[in-house]
Amino acid sequence: MDLPHIGRLAAGPRNSIADVAGVTVGHCTLDAGPVQTGVTVVVPHGGNLFTHKLPAAVAVINGFGKSAGLVQLEELGTLETPVALTNVFSVGAVLTAQVRHALQSNPESGRSLPSVNAVVMECNDGYLNDLHAFAVQESHFRQALAAASTEVEQGAVGAGRGMSSFELKGGIGSASRKAVVGAVGEFTVGALVLSNFGKMPDLILDGRPLGRELVGPAGPAAQAAASDAAPEKGSIIMILATDAPLDARQLKRLATRAGAGLARTGSAYGHGSGDIALAFSTAQQIEAGSECVHASLLADHLLDPLFHAAADSVEQAIVNALFAAQTVRGRDGHERTSLRDCLAAANLPSSP
């Protein structure tokens, strides 16, 4: 089965979040028997984010999650550290690493300057990864940060190493879309997801009910009912970057549209699923301490193309994570099969 292109809009040259100029991504992957986890870092620009912040916003679609730094981001509408992704029990270690990194360039933070608001987001990879090992250390954040580049590796890497999607192997996915906004010009929306949600019977791939096909003719209704008996315990983190000039209020609207892309893949935002989107714009940096911030923004009535780009890039990123991931075995012999291996075993046709 070929990897589909989602929607009508064209992708950027890399078809990743790095198509937004200045954005880079790095991973540190831990792959050692029962330890299947890691850290992924999204770096919004190459300068000092604490002194040159970016407008940003968060949309909590379902709040079953333990991310750090979202309260101040929601209140002030600015992002002042990279966005770090990891497993649910490693938020503390990565948060400390984020703060230490910020202090290297801003030693007066927490003294004569305000304390830094570090952002760390998470999913629970405990099916494949031994969370009780607390394997992620500060050094792993530094390794991921040092590895940040415009070449975005996807699949079972970094924070995505132990993640599951639709009872298959999930992980990191990324995509981008180009949007023409009125007579103003063309802008890019890029997405990166940490995909760890869903049940197989619900999987929809570019409109195709693939999950029901994978469950098979031996009793899809019964298997779906059995699957539905247990609450959804997965999560997804969706990061959106754009070079369009948007403020925090508009970015919250953009982040909310990540939910449209998520829903198209078959998610109903289950009770136990932490579904959170963060969006930022690279169009203007906000200098710390400035007494007046002025920006030329897009008018709200022009935002629809960006909303489409957000939904399509998120859906594509989820699909890309499924296609890129390989089969992984981890804690207690638990295994998640890759979508490609599952399709080959099921001998499904490439078209419905």
Side-chain angles (χ1 to χ4, degrees), residues 9-26 40-59 69-70 73-74 76-85 98 101-102 105 116-119 121 145 148-152 174-181 184-193 237-258 277-288 290 293-300 302-303 305-310 312-314 317:
L9 300 176
R14 299 182 182 89
N15 196 17
S16 80
I17 196 171
D19 285 324
V20 177
V23 178
T24 55
V25 176
T40 295
V41 180
V42 179
V43 183
H45 69 64
N48 185 338
L49 272 159
F50 184 70
T51 60
H52 290 79
K53 310 175 197 300
L54 294 180
V58 172
L70 303 188
L73 194 156
E74 176 74 7
L76 302 184
T78 56
L79 181 64
E80 57 187 45
T81 70
V83 180
L85 308 175
Q98 280 264 54
H101 170 70
S105 301
V116 65
N117 181 53
V119 174
M121 306 179 80
L145 189 64
S149 77
T150 57
E151 299 302 315
V152 181
S174 193
S176 70
R177 291 294 183 268
K178 296 286 190 179
V180 177
V181 179
V184 180
E186 185 179 75
F187 298 101
T188 300
V189 175
L192 182 138
V193 302
I237 301 299
M238 299 163 283
I239 310 299
L240 289 169
T242 185
D243 54 8
L246 306 179
D247 65 10
R249 179 187 61 80
Q250 293 171 318
L251 286 164
K252 189 175 186 68
R253 299 187 71 200
L254 189 74
T256 301
R257 271 61 184 186
L278 184 154
F280 63 86
S281 169
T282 63
Q284 182 194 25
Q285 296 181 12
I286 303 168
E287 189 171 353
S290 297
V293 178
H294 173 75
S296 179
L297 304 174
L298 291 177
D300 279 13
L302 296 176
L303 297 183
L306 298 175
F307 292 164
H308 282 284
D312 286 357
S313 60
V314 166

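Here the structure is a predicted model, which is why all the values come from computation and not from measurement.
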*asked:* What verdict does the side chain to side chain contact (heavy atoms under 4.5 Å, CB included) test give for V83 and L278, after you've listed the backbone C-alpha separation in whole Å, the side-chain angles of each residue and the deciding distance to 0.1 Å?
replied: CA-CA 9 Å; V83 180; L278 184 154; 4.3 Å; yes
*asked:* Would F187 and K178 count as a side chain to side chain contact (heavy atoms under 4.5 Å, CB included) here? Give the steps.
replied: CA-CA 6 Å; F187 298 101; K178 296 286 190 179; over 6 Å; no
*Partner set under side chain to side chain donor-acceptor pair (under 3.5 Å) for R257, not counting sequence neighbours*: none
*With sequence neighbours left out, what residues match S281 under side chain to side chain donor-acceptor pair (under 3.5 Å)?*
none
*Who pairs with E186 by salt bridge (Lys or Arg N to Asp or Glu O under 4.0 Å), at least two apart in sequence or on another chain?*
none
Report all side-chain donor-acceptor pairs from residues 238-246 shorter than 3.5 Å, counting only partners two or more places apart or in another chain.
| unit_1 | atom_1 | unit_2 | atom_2 | d |
| --- | --- | --- | --- | --- |
| T242 | OG1 | T188 | O | 2.8 |
| T242 | OG1 | A244 | N | 3.1 |
| D243 | OD1 | T188 | N | 2.8 |

*Under 3.5 Å, side chain of S176 to main-chain N/O of I17, donor-acceptor pair present?*
no
_Those residues that, when tested against A18, pass side chain to side chain contact (heavy atoms under 4.5 Å, CB included) (two or more places apart)_ = R14, S16, T150, V152
*Give a yes or no on whether a salt bridge exists between D19 and R177, defined as a side-chain N under 4.0 angstrom from a carboxylate O.*
no
*Taking all heavy atoms of A57 and all of A248, pick out the closest pair and write down the distance.*
CB-O, 3.3 Å
*A310 backbone acceptor or donor facing S313 side chain under 3.5 Å*: yes
*Can you list the steps and then say if L306 with V181 is a side chain to side chain contact (heavy atoms under 4.5 Å, CB included)?*
CA-CA 8 Å; L306 298 175; V181 179; 4.1 Å; yes
*Partner residues of D247 under the side chain to side chain contact (heavy atoms under 4.5 Å, CB included) criterion, sequence neighbours left out*: R249, Q250, L297
*Identify, with sequence neighbours excluded, every residue that meets side chain to side chain contact (heavy atoms under 4.5 Å, CB included) alongside A118.*
T81, L95, Q98, V99
*If you take all heavy atoms of A317 and A175, which pair is closest and at what distance?*
N-CB, 3.8 Å
*asked:* Working to the nearest 0.5 angstrom, can you tell me the gap between T282 OG1 and L79 CG?
replied: 11.5 Å
*Do I286 and P55 come within less than 4.5 Å of each other through their side chains, counting heavy atoms only?*
yes
*Straight-line distance of L303 CG to L254 CG, nearest 0.5 Å*: 8.0 Å
*Can you sort out the partners of H45 under side chain to side chain contact (heavy atoms under 4.5 Å, CB included), two or more places apart, ordered by chain and number?*
L49, H52, L54, Q285
*Which heavy atom of A255 sits nearest a heavy atom of A279, and at what distance?*
CB-CB, 3.9 Å
*Looking at V42 and L192, what are the two nearest heavy atoms and their distance?*
CG2-CD2, 4.2 Å
*For N117, check side chain to side chain donor-acceptor pair (under 3.5 Å) against everything at least two apart and list the hits.*
none
*Only pairs at least two apart or in different chains count here, so list each salt bridge (Lys or Arg N to Asp or Glu O under 4.0 Å) that has a residue in residues 277-287.*
none
*Using the test side chain to side chain donor-acceptor pair (under 3.5 Å), find all partners of E74 that sit at least two apart in sequence or belong to another chain.*
K252
*Kindly determine whether V43 and V23 satisfy side chain to side chain contact (heavy atoms under 4.5 Å, CB included), including the steps that lead there.*
CA-CA 6 Å; V43 183; V23 178; over 6 Å; no
_salt bridge (Lys or Arg N to Asp or Glu O under 4.0 Å) contacts in which one or both residues fall within residues 48-58, not counting sequence neighbours_ = K53-E80
*Minimum-distance pair of heavy atoms, taken over all atoms of V41 and P82*: CG1-CB, 3.6 Å
